[in-house]
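Structure first, commentary second.
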Amino acid sequence: MNWPHLQVLNLDDNYFTGNLPISIGTLSSLRSLHLRNNRLAGIFPVSLKNCSSLISLDIGENDFFGSIPTWVGERFPRLLILNLRSNKFNGSLPVQLCHLTFLRILDVAHNNLSGTIPRCINNFTAMATINSSNQKNAIYYFVTRGNIVFEDASVVTKGLLVEYNSILNLVRSIDISKNNFSGEIPMQLTNLEGLQTLNLSHNFFVGKIPEKIGNMRSIESLDFSTNRLFGRVPPSMSSLSFLNHLNLSENDLSGQIPSSTQLQSFGASCFSGNDLCGAPLPDCTEKNTFAPEVPNGNGNEDEDADEVDWLLYASMALGFVVGFWCFIGPLLVNRRWRYKYGHFLDGFVDRFCYFVRKCY
């Protein structure tokens with residue numbers, strides 16, 4: 001509370017424990033707060049509500065719990081980076097987060113969040129705009145005596161943790177992986193044409209991949225793996241010319257993978273755990289080589305199938321009865337035959353054992 005003009009506070013990678021002090025709310029000039037990778041706990045710090053000048057908020061890799069307050073989207077109108085990764089937050093993503101029109105990086109992965117993706121997600125204007133050539137590369141602050149402090153952020157992209165600083169202002173990323181989100185992927189998400197990294201993996205999303213996903217022209221990394229998505233891979237995905245990391249594995253997708261140099265350049269593991277075919281997976285015609293021929297049909301296919309099933313079961317039962325009694329019946333009736341059959345089995349076992357001993 002004795003530092004009213006403090007703009008940057010970085011306490012990353014330490015062993016701080018307990019709750020944040022209420023007095024942190026007196027830092028009204030604070031623009032960057034980094035508390036990543038500590039052992040801090042408690043609910044989302046209510047005292048931060050007074051730090052309305054925040055541009056970067058990173059409290060990832062701690063033990064904060066409870067829901068994400070709605071006021072996060074109302075009190076931080078200039079927020080560019082929101083990182084709540086690897087905590088114990090639950091509940092849903094507040095619709096009020098859509099007010100953060102300048103947001104460039106949203107990371108809430110590895111929590112216990114649930115519900116659906118807000119359909120107003122296309123209000124993230126900074127993610128919906130493609131970077132321009134005259135845009136500043138870095139995010140920095142002018143502090144006392146003309147000194148400059150550069151903002152930095154750790155972003156998981158393409159499966160790797162990458163540290164950004166000198167080009168941080170050009171990064172656009174959403175990561176909500178490893179939560180309990182459900183429902184369909186909203187079509188509004190495809191309006192984020194400037195987004196570069198999108199990770200929705202390890203959730204419970206259902207429905208189809210949005211047909212207009214090809215509108216996300218800047219996307220470089222796309223991970224929809226381990227969900228419950230079904231239907232085909234949209235043909236428009238083949239137009240994502242910057243895409244160099246893709247994972248659609250472990251869903252219920254089906255049909256042929258769209259033909260394009262871009263999609264065929266990925267390994268088969270990117271599409272595994274589905275019912276897909278076509279390069280890089282086996283060819284669709286090869287997959288259907290042993291598939292039964294589908295009749296043209298005249299509306300009686302179900303009746304024919306029922307009749308075939310009935311005949312199959314009847315023939316199996318009849319075959320079992322006839323085969324069983326043709327062999328067992330005579331043995332039960334004729335004692336002489338039983339003795340001969342038993343004598344034959346004893347001799348066969350003796351000869352087999354002799355053969356084994358001779359070989360070894």
Side-chain angles (χ1 to χ4, degrees), residues 73 82 92-95 97-109 113 115-132 155-158 170-177 179 181-263 265-266 270-271 274 276:
L82 178 60
S92 60
L93 275 182
V95 176
L97 289 183
C98 295
H99 297 324
L100 302 176
T101 56
F102 296 108
L103 197 65
R104 286 156 165 74
I105 297 174
L106 173 63
D107 190 345
V108 294
L113 298 169
T116 60
I117 299 177
R119 297 190 179 276
C120 58
I121 195 169
N122 58 330
N123 288 350
F124 291 153
T125 309
M127 298 183 187
T129 307
I130 298 177
N131 291 327
S132 60
V155 180
V156 176
T157 179
K158 305 171 189 177
L170 304 178
V171 178
R172 307 287 187 273
S173 173
I174 293 179
D175 190 346
I176 63 172
S177 62
N179 281 283
F181 289 110
S182 57
E184 297 186 350
I185 300 175
M187 178 188 63
Q188 292 82 353
L189 189 64
T190 63
N191 293 332
L192 303 182
E193 297 184 11
L195 193 65
Q196 298 154 348
T197 298
L198 177 60
N199 191 345
L200 308 183
S201 66
H202 293 87
N203 281 287
F204 299 96
F205 289 111
V206 297
K208 299 180 179 181
I209 298 175
E211 288 291 332
K212 295 183 179 181
I213 197 164
N215 292 347
M216 305 178 76
R217 294 179 292 167
S218 302
I219 205 77
E220 299 176 13
S221 176
L222 188 63
D223 193 341
F224 289 165
S225 64
T226 317
N227 280 285
R228 298 173 180 173
L229 302 173
F230 57 82
R232 64 174 184 170
V233 178
S236 66
M237 189 174 287
S238 60
S239 65
L240 299 176
S241 55
F242 291 106
L243 188 65
N244 55 49
H245 178 83
L246 175 66
N247 194 347
L248 303 179
S249 64
E250 304 303 327
N251 281 284
D252 296 314
L253 300 171
S254 59
Q256 183 170 2
I257 298 172
S259 178
S260 74
T261 305
Q262 197 70 19
L263 294 182
S265 65
F266 297 108
C270 300
F271 303 96
N274 292 284
L276 294 167

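Along the sequence shown, the residues carry numbers beginning at 1.
- Nearest heavy atom pair, residue Gln262 against residue Asn244, reads NE2-N, 4.5 Å.
- Distance CD1/Ile213 to CG/Leu189: 7.5 Å, rounded to 0.5 Å.
- Side-chain contact, Ser260 with Ser238: no donor N or O sits under 3.5 Å from an acceptor N or O.
- Remark: the backbone N or O of Asn123 is paired with a side-chain donor or acceptor of Thr125 at under 3.5 angstrom.
- Using a 4.5 Å heavy-atom threshold, the side chains of Ile257 and Phe266 count as separate.
- In this structure the side chain of Phe181 reaches within 4.5 angstrom of the side chain of Leu93, judged on heavy atoms.
- Applying the side-chain contact (heavy atoms from CB on, under 4.5 Å) test between Leu200 and each of Asn179, Ile117, Thr226, Asp223 identifies Ile117 as the sole match.
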Subject >> Verdict with supporting geometry, Lys208 and Phe230, side-chain contact (heavy atoms from CB on, under 4.5 Å) >> reply: CA-CA 5 Å; Lys208 299 180 179 181; Phe230 57 82; 4.0 Å; yes
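- Between Asp175 and Thr197 the shortest side-chain heavy-atom distance does not fall below 4.5 Å.
- In this structure, Cys120 and Val95 have side chains that are in contact, with non-hydrogen atoms separated by less than 4.5 Å.
- For the side-chain contact (heavy atoms from CB on, under 4.5 Å) with Val108, the qualifying choice from Leu113, Leu97, Leu82 is Leu113, the only one to do so.
- Heavy atoms only, all atoms of each residue included: Leu246 and Cys270 are closest at O-SG, 3.1 Å.
- One distance of note links CG of Asn215 with CD of Glu193; it measures 6.0 Å at 0.5 Å rounding.
- For the side-chain contact (heavy atoms from CB on, under 4.5 Å) with Asn199, the lone residue among Ser177, Ser225, Ser221 that qualifies is Ser177.
- Checked against Met127 for a side-chain contact (heavy atoms from CB on, under 4.5 Å), the options Asn191, Leu198, Leu195 give a single hit: Leu195.
- Between Met237 and Leu222, the closest heavy-atom pair is CE-CD2, 4.0 Å.
- The side-chain heavy atoms of Arg104 and Val171, taken from C-beta on, include no pair separated by under 4.5 Å.
- Closest approach of Phe124 and Leu106 over heavy atoms only: CE1-CD2, 4.2 Å.
- Here the OG atom belonging to Ser236 is positioned 6.5 Å from the CD atom belonging to Glu211, to the nearest 0.5 angstrom.
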Original post:
Given Leu229 and Ile185, is the side-chain contact (heavy atoms from CB on, under 4.5 Å) satisfied, shown in steps?
Top reply: CA-CA 9 Å; Leu229 302 173; Ile185 300 175; 4.1 Å; yes
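- Looking at Arg172 and Glu220, no side-chain N of the basic residue comes within less than 4.0 Å of a carboxylate O on the acidic one, giving no salt bridge.
- Side-chain atoms of Ile174 and Ile121, non-hydrogen and from C-beta on, do get closer than 4.5 Å to each other.
- Between Pro234 and Ile209, the shortest heavy-atom distance links the atoms CG-O, 3.6 Å.
- Residues Cys98 and Pro118 approach most closely at SG-CB, 4.1 Å, considering heavy atoms.
- Judged purely by atom type and a 3.5 angstrom limit, Asp107 has no side-chain atom pairing as donor or acceptor with the backbone of Ser173.
- The side-chain heavy atoms of Val233 and Leu248, taken from C-beta on, include a pair separated by under 4.5 Å.
- Once rounded to the nearest 0.5 Å, the distance linking CZ of Arg217 with CD of Gln196 reads 13.5 Å.
- Using a 4.5 Å heavy-atom threshold, the side chains of Phe204 and Arg228 count as touching.
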